[in-house]
Number of protein chains: 2
Amino acid sequence: MPLTLKDIAKIAGVAESTVSRAINNKPGVGEETRKKILKIVEEYNFQPNKLAQGLAKKQTHILALLLPDLSNPNYPTIIKSIEEVANENGYQVVLCNTDNNPEKEKGYLELVERNQVDGAIVVGGELADRHILNLALNKNASLVLVNRLCEELTIPTVLVDSARGAYLATEHLIDQGISEIALIMGLDREFLESEKLEGYKQALTDNGIELNEKLIVQTEGSREAGYRAFLELMKKGVTPGGFFATSDLLAAGLVEAIKMGGYLIPEDFSVVGYGDSLVSSIITPPLTVVAEPLTRLGKLAARNLINLLNGKQPAEIIKVLNPSIKVRNSSTPHIKDK
Amino acid sequence: MPLTLKDIAKIAGVAESTVSRAINNKPGVGEETRKKILKIVEEYNFQPNKLAQGLAKKQTHILALLLPDLSNPNYPTIIKSIEEVANENGYQVVLCNTDNNPEKEKGYLELVERNQVDGAIVVGGELADRHILNLALNKNASLVLVNRLCEELTIPTVLVDSARGAYLATEHLIDQGISEIALIMGLDREFLESEKLEGYKQALTDNGIELNEKLIVQTEGSREAGYRAFLELMKKGVTPGGFFATSDLLAAGLVEAIKMGGYLIPEDFSVVGYGDSLVSSIITPPLTVVAEPLTRLGKLAARNLINLLNGKQPAEIIKVLNPSIKVRNSSTPHIKDK
DNA sequence: TTGTACGCGTTATCAA
DNA sequence: TTGATAACGCGTACAA
């Protein structure tokens, strides 16, 4: 059983409140006594119990970061930027893996609901969730959403315009002279995926290309799914000139399948991925991708949350960032050839 | 301000203790009153304050998992297996990114030190750390180490015999008829890396090959470092027949550099990596790697910690698991050629 | 079965 | 400048 403030007080021969003031650098303690107390604190390596502190102060200085999938190679960048801002402001960050499981997500949201953390940043995942909304409204919990949208727009949100990202990707392929473009996407019950579908369609429309439903494969977001998607398309007998895969992993699987089939990228098929991660850059050939401003995304989210904790609402409830396209070798046969 | 137990008691017209018993399924409450109370709890969506609970019960049912580097593609597997065991036993898991930064690590260890979590699993990272040890001894905090060793052997530890892994990798290359084997490794102040160096040396010795210090490059564990390592070796004028890179990222960079130099794998250079992750399998060609039993590792660690929390010491303080080698195309020219 | 009262370890208020 | 004491929200002996 660790030492308590009371023990220290007894040892120093002063009252508990005096010790409390001393270790919290609060005024109202004589220079002499403060030194004496701090020395004892040091000597016994006393650490105040955070639970008790939190109970009394109603603050823990911990933020939770809820992530739907830890194997997403884009997340480390977001995480780091959030931690950076948090640490600068005296907050620790704990990560919570929700596995896209509503139950787990709810469990972790209870951390904020029940005062174990001061606030939470929820990244990605399924569409709108009543639970999150109720939480934010009823308990006025401090929440910030990243790349996720909630029905009513009352929770501060930072997101990347993924429809625009998909538009850029599709347009880029069209610019290469390709008109039959397959879309390999995740399930559209995820907000971001449905957005990408819209962007894809819009790019086709704007370029006078008719939508061919056969070219769209909707599946889960794994590498295996990407692999199977290619086989499925081949079986259907459709032969696109290019592919747009809406995630790193889908693209990775897709590329494997293409190569396994004996085809060349980009000579036989152009491929564009989504997400400028390690994965897309070590694939052979390096993938042209839609790149998101992940660091900016994370920093904005963290700042929003910290502002919220200080009672400040963000200027814009919903902040939309623009993705860009990063051209590499998987989509540009002509540039390489000449 | 959320409802408290007192509020519920007032609404139900009973004492606080009765409410407490009711929501905790403790005996000593009339069936009638229990129902009434639970209905009110439901209706008002009352959630007990975990800080107060923790303070009173000295338990939070949260475990911390400290990781040195989130971008390590092997970790998701470990994390999932730990979470699985934890959840089955009624614990939540929060992840803490220490970034291999002792300060941050210390900060997160304070979570257990100061009762915000019940225990912690510390994965990998630098060699022995006084702080961890003191924590475990003085505060008898519940700690378990994974792939990390602490000076005195008093903390339950699960680790993979990485010396053996390196031995297997080196031997495999030797079996391919290669005698000049370069070692691209991380800094040997990390326990696991120094172990790998030993395994490498042992394999050479056992096969009557003399150690050539020039073939060893020690660097940080990043992809860029792997890339530079190859260039450095070339500059030195040494021409190994094969490479053993001690991490996924090092291997990824190394492979890039080799290909960028116009060489073929495995025709010109054989490459063996460490870690059976997504990265090593999507590289072209797929990498022969040392594979660790990550799921087993995680589950054992989690069980150890939970046992510890229940007052049971593990049967073996140090449990060593064996890695295996997974042969793919990067190291077997002859198998492919014939 | 139910209620009272105290403890958990801190902070904050008010006197002294 | 200090010290006593009441919160904070919950669990739990003990008494009723």
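Small disclaimer: the values here were computed from a predicted structure and weren't measured. Here is how names work: the chains are called A, B, and so on, in the same order as the sequence lines, proteins then strands, and each is numbered from 1.
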When the side chains of residues 4-13 of chain A are checked against the rest of the protein, which donor-acceptor pairs come out under 3.5 Å, sequence neighbours left out?
{"from": "A:Thr4", "atom 1": "OG1", "to": "A:Lys6", "atom 2": "N", "distance (Å)": "3.2"}
{"from": "A:Thr4", "atom 1": "OG1", "to": "A:Asp7", "atom 2": "N", "distance (Å)": "3.4"}
{"from": "A:Thr4", "atom 1": "OG1", "to": "A:Asp7", "atom 2": "OD2", "distance (Å)": "3.3"}
{"from": "A:Asp7", "atom 1": "OD2", "to": "A:Thr4", "atom 2": "N", "distance (Å)": "2.8"}

- Task: Would you list the pairs meeting side-chain hydrogen bond (donor to acceptor under 3.5 Å, both in side chains) in which at least one residue belongs to residues 28-37 of chain B, sequence neighbours left out?
- Result: none
Check the interface with nucleotides 12-16 of chain C: list each N/O to N/O pair with the protein under 3.5 Å, or write none.
{"from": "C:dA12", "atom 1": "OP2", "to": "A:Lys26", "atom 2": "NZ", "distance (Å)": "2.5"}

- Item | Nearest-nucleotide 5' precedence on DNA chain C, B:Arg34 against A:Val19 |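 Result: B:Arg34.
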Donor-acceptor list for residues 56-72 of chain A side chains, cut-off 3.5 Å, not counting sequence neighbours:
{"from": "A:Gln59", "atom 1": "OE1", "to": "A:His61", "atom 2": "NE2", "distance (Å)": "3.2"}
{"from": "A:Thr60", "atom 1": "OG1", "to": "A:Ile62", "atom 2": "N", "distance (Å)": "3.3"}
{"from": "A:Thr60", "atom 1": "OG1", "to": "A:Asp118", "atom 2": "N", "distance (Å)": "3.4"}
{"from": "A:Thr60", "atom 1": "OG1", "to": "A:Asp118", "atom 2": "OD1", "distance (Å)": "3.0"}
{"from": "A:His61", "atom 1": "ND1", "to": "A:Gly90", "atom 2": "O", "distance (Å)": "3.3"}
{"from": "A:Asp69", "atom 1": "OD1", "to": "A:Ser71", "atom 2": "N", "distance (Å)": "3.0"}
{"from": "A:Asp69", "atom 1": "OD1", "to": "A:Ser71", "atom 2": "OG", "distance (Å)": "2.7"}
{"from": "A:Asn72", "atom 1": "OD1", "to": "A:Asn74", "atom 2": "N", "distance (Å)": "2.8"}
{"from": "A:Asn72", "atom 1": "OD1", "to": "A:Asn74", "atom 2": "ND2", "distance (Å)": "3.0"}

Check: residues 292-311 of chain B side-chain donor-acceptor pairs under 3.5 Å, at least two apart:
{"from": "B:Glu292", "atom 1": "OE2", "to": "B:Tyr274", "atom 2": "OH", "distance (Å)": "2.9"}
{"from": "B:Lys299", "atom 1": "NZ", "to": "B:Glu84", "atom 2": "OE2", "distance (Å)": "3.4"}
{"from": "B:Asn307", "atom 1": "ND2", "to": "B:Arg303", "atom 2": "O", "distance (Å)": "3.4"}
{"from": "B:Asn310", "atom 1": "ND2", "to": "B:Ile306", "atom 2": "O", "distance (Å)": "3.2"}

Quick test of your reading: applying ring pair (Phe, Tyr, Trp, His ring centres under 6.0 Å), list the pairs with at least one residue in [range], sequence neighbours left out, ordered by first then second residue.
range: residues 7-34 of chain B; value: none
range: residues 15-42 of chain B; value: none
range: residues 100-123 of chain B; value: none

- A:Pro48 and B:Arg114 have their tightest heavy-atom pair at O-NE, 2.7 Å
- Query: For B:Glu16, which residues count as a side chain to side chain donor-acceptor pair (under 3.5 Å) partner, sequence neighbours excluded?
  - Reply: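 Testing B:Glu16 for side chain to side chain donor-acceptor pair (under 3.5 Å), a comparison that skips the adjacent residues, returns none.
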- Could you pull out all residues at least two apart from B:Lys39 that satisfy side chain to side chain contact (heavy atoms under 4.5 Å, CB included)?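 Not a single residue meets the side chain to side chain contact (heavy atoms under 4.5 Å, CB included) criterion with B:Lys39.
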- Please find the earliest and latest nucleotides of DNA chain D, in the 5' to 3' direction, that have an atom within less than 4.0 Å of any heavy atom of chain B.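 Going 5' to 3' along DNA chain D, contacts run D:dG9 to D:dA13.
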- Degree of bending in the helix from C:dT1-D:dA16 to C:dA16-D:dT1 once both end axes are built from five pairs, to 10°: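 Roughly 50°, once rounded to the nearest ten degrees.
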